[in-house]
Amino acid sequence: MVLQIVVILVIAIIIGLIINFAFIDGVLQAPFADAFIAFCENVLQLDYYAARNAYNVLFQQNKPLWLTVGFILLLLIIFYIALSRFTRYFNHISTSITMLSDESDKEIQLPAELDFLEKKLNDVKNKLEKRARNAQEAEQRKNDLVVYLAHDIKTPLTSIIGYLSLLDEAKDMPAEQKEKYVAITLEKSNRLEQLINEFFEITRFNLQSIVLEKDLIPLNYMLMQVADEFYPLLAPKGQKASIKMDEEINIYADGNKLARVFNNIIKNAISYSEPNSTIEISAKSENNQTIISFTNTGKTIPPEKLNRIFEKFYRLDSARSSQTGGAGLGLAISNEIVQAHGGTITATSSHEKTVFTVMIPTNS
């Protein structure tokens, strides 16, 4: 477009020079003047001097007027060309936005002058497509999980009904056998409760925002209490939890929700730690930040799995069904709770050591 404007301006200057220098010292010099006089002689039947006088009156004496009119016309032409170009630009942009809204698979293409905008629109398009894929995958995982849980609920429920029916029908059942059936029924009932809780967990996670009720918490006692609660799960595999803190640390946080974070991390560590190993828990305070680390010994987690470990409904071990594992929400909810405190939670894994690190402001 710049080249077109330059060409038009050059033409305008040439026309102006032709008009301006058509007469030099009273002598006709320009072909335009010759052509005009010839027109007057041949068509209007004027003699040479009358034609020359007409040219002088019309053009030589009105040069400023004709130059002004010429330049106005040229400016109008330039404006029309520029407006047409901008109109085409807006049409291209409008088409591109329509492609975004329609989620078209085609790549957005714009004129070379709008290359910067083309790149940005394609970046936006790619991000929207990625978000849509992630949302669809998350929804599919959620739906699959709900189906699995609904199916798994039938198993313990069927067992509970079956054993209770036996106990009800066989009034004279031996005490030892009755005790065995009661124990099995209780175990299945606990599993049923766990599955139902996971259903509620899914609903709360998606529909309810996290509201914190903060208070001053002695972190030392809190970690000791959390670790002690896991003794029944640690003992059968010869595992233990070790707490290392060089100082007393008090943090301003929601104790119940923070305990839930620690519970989820330790439960995960127990599931994936080797037998007879120690889960090391440490805490320290630096620059108004409290850093709590949980280290367990076990199989190294591959980077591609480690990057997804805090996603909703993601299970580290896909071989574990809902019969033995959770809903895949524990670490995702932990991440949400820590972020609500203004902190971060990260995980690293190498050389058969996995470390979860929780960092939250001490006085948030």
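Hydrogens, waters and symmetry mates are skipped; everything else that's a heavy atom, side chains included, is used.
- Residue pairs meeting the salt bridge (Lys or Arg N to Asp or Glu O under 4.0 Å) criterion with at least one partner in residues 219-238, sequence neighbours excluded, do not occur; the list is empty.
- In this view, E187 satisfies the side chain to side chain donor-acceptor pair (under 3.5 Å) rule with no residue, not counting sequence neighbours.
- Within the structure, ring-ring contact (aromatic ring centres under 6.0 Å, His included) contacts touching residues 95-119 (residues at least two apart or in different chains) do not occur.
- A 4.5 Å side-chain heavy-atom check between Y252 and T362 finds every atom pair outside the cut-off.
- A50 is linked by a side-chain contact (heavy atoms from CB on, under 4.5 Å) to L46, D47, counting only residues two or more places apart in sequence or in another chain.
- Through direct or relayed side-chain contacts under 4.5 Å between Ile, Leu, Val, Met, Phe, Trp and Tyr, M359 connects to I291.
- Shown here for V261 and S334, the closest heavy-atom pair between the two residues is CA-OG, 3.7 Å.
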Problem set entry | Stepwise side-chain contact (heavy atoms from CB on, under 4.5 Å) test for I243 and N220 | CA-CA 9 Å; I243 299 175; N220 309 56; over 6 Å; no
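- The number of heavy atoms from other shown groups lying within 6.0 Å of CD (E247) is above 12.
- For the atom pair I337 CD1 and I345 CD1, the distance stands at 9.5 Å (nearest 0.5 Å).
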Please tabulate, one pair per line, all N/O donor-acceptor pairs under 3.5 Å involving side-chain atoms of residues 292-302, not counting sequence neighbours.
from : atom 1 : to   : atom 2 : distance (Å)
N296 : ND2    : S273 : OG     : 3.4
T297 : OG1    : K353 : NZ     : 3.0
T300 : OG1    : E352 : N      : 2.8

Problem set entry | side-chain contact (heavy atoms from CB on, under 4.5 Å) between V355 and T346, intermediate numbers included | CA-CA 8 Å; V355 181; T346 57; over 6 Å; no
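- Looking at heavy atoms from C-beta onward, L186 lies out of side-chain contact with Y181 at the 4.5 angstrom threshold.
- Contact check for L212 versus K257: side-chain heavy atoms found under the 4.5 Å cut-off.
- Side-chain polar atoms of Y221 and Q225 form no donor-acceptor pair below 3.5 angstrom.
- The salt bridge (Lys or Arg N to Asp or Glu O under 4.0 Å) pairs that include a residue from residues 264-289 are K284-E286, where partners are two or more places apart or lie in different chains.
- When all heavy atoms of Y231 and P236 are compared, the pair lying nearest together is O-CD, 4.4 Å.
- Considering only heavy atoms from C-beta on, L234 comes within 4.5 Å of I279 through its side chain.
- When side chains are defined from C-beta on, T348 does not count as touching T357, because their heavy atoms never get closer than 4.5 Å.
- Residues I249 and I251 come closest through the heavy atom pair CG2-CG2, 3.9 Å.
- Residue pairs meeting the side-chain hydrogen bond (donor to acceptor under 3.5 Å, both in side chains) criterion with at least one partner in residues 159-168, sequence neighbours excluded, are D168-K171.
- No side-chain heavy atom of Q339 sits less than 4.5 Å from a side-chain heavy atom of T344.
- Residues V124 and N126 have side chains not in contact (no heavy-atom distance under 4.5 Å, counting atoms from C-beta outward).
- Every side-chain contact (heavy atoms from CB on, under 4.5 Å) that S189 has, sequence neighbours left out, goes to I160, T185.
- Following chains of ILVMFWY side-chain contacts shorter than 4.5 Å, one can reach V182 starting from I161, so the two form part of one hydrophobic cluster.
- Linking Ile, Leu, Val, Met, Phe, Trp and Tyr whenever their side-chain heavy atoms come within less than 4.5 Å puts L223 and L233 in one cluster.
- Using a distance-only test at 3.5 Å, with no hydrogens or angles considered, no donor-acceptor pair links the side chain of N287 to the main chain of Q289.
- In this view, L216 and N250 satisfy the side-chain contact (heavy atoms from CB on, under 4.5 Å) rule, not counting sequence neighbours.
- Under the side-chain contact (heavy atoms from CB on, under 4.5 Å) criterion, E176 pairs with no residue, sequence neighbours left out.
- In this view, E179 satisfies the side chain to side chain donor-acceptor pair (under 3.5 Å) rule with no residue, not counting sequence neighbours.
- Side-chain contact between F262 and M222 is present, with at least one heavy-atom pair separated by less than 4.5 Å.
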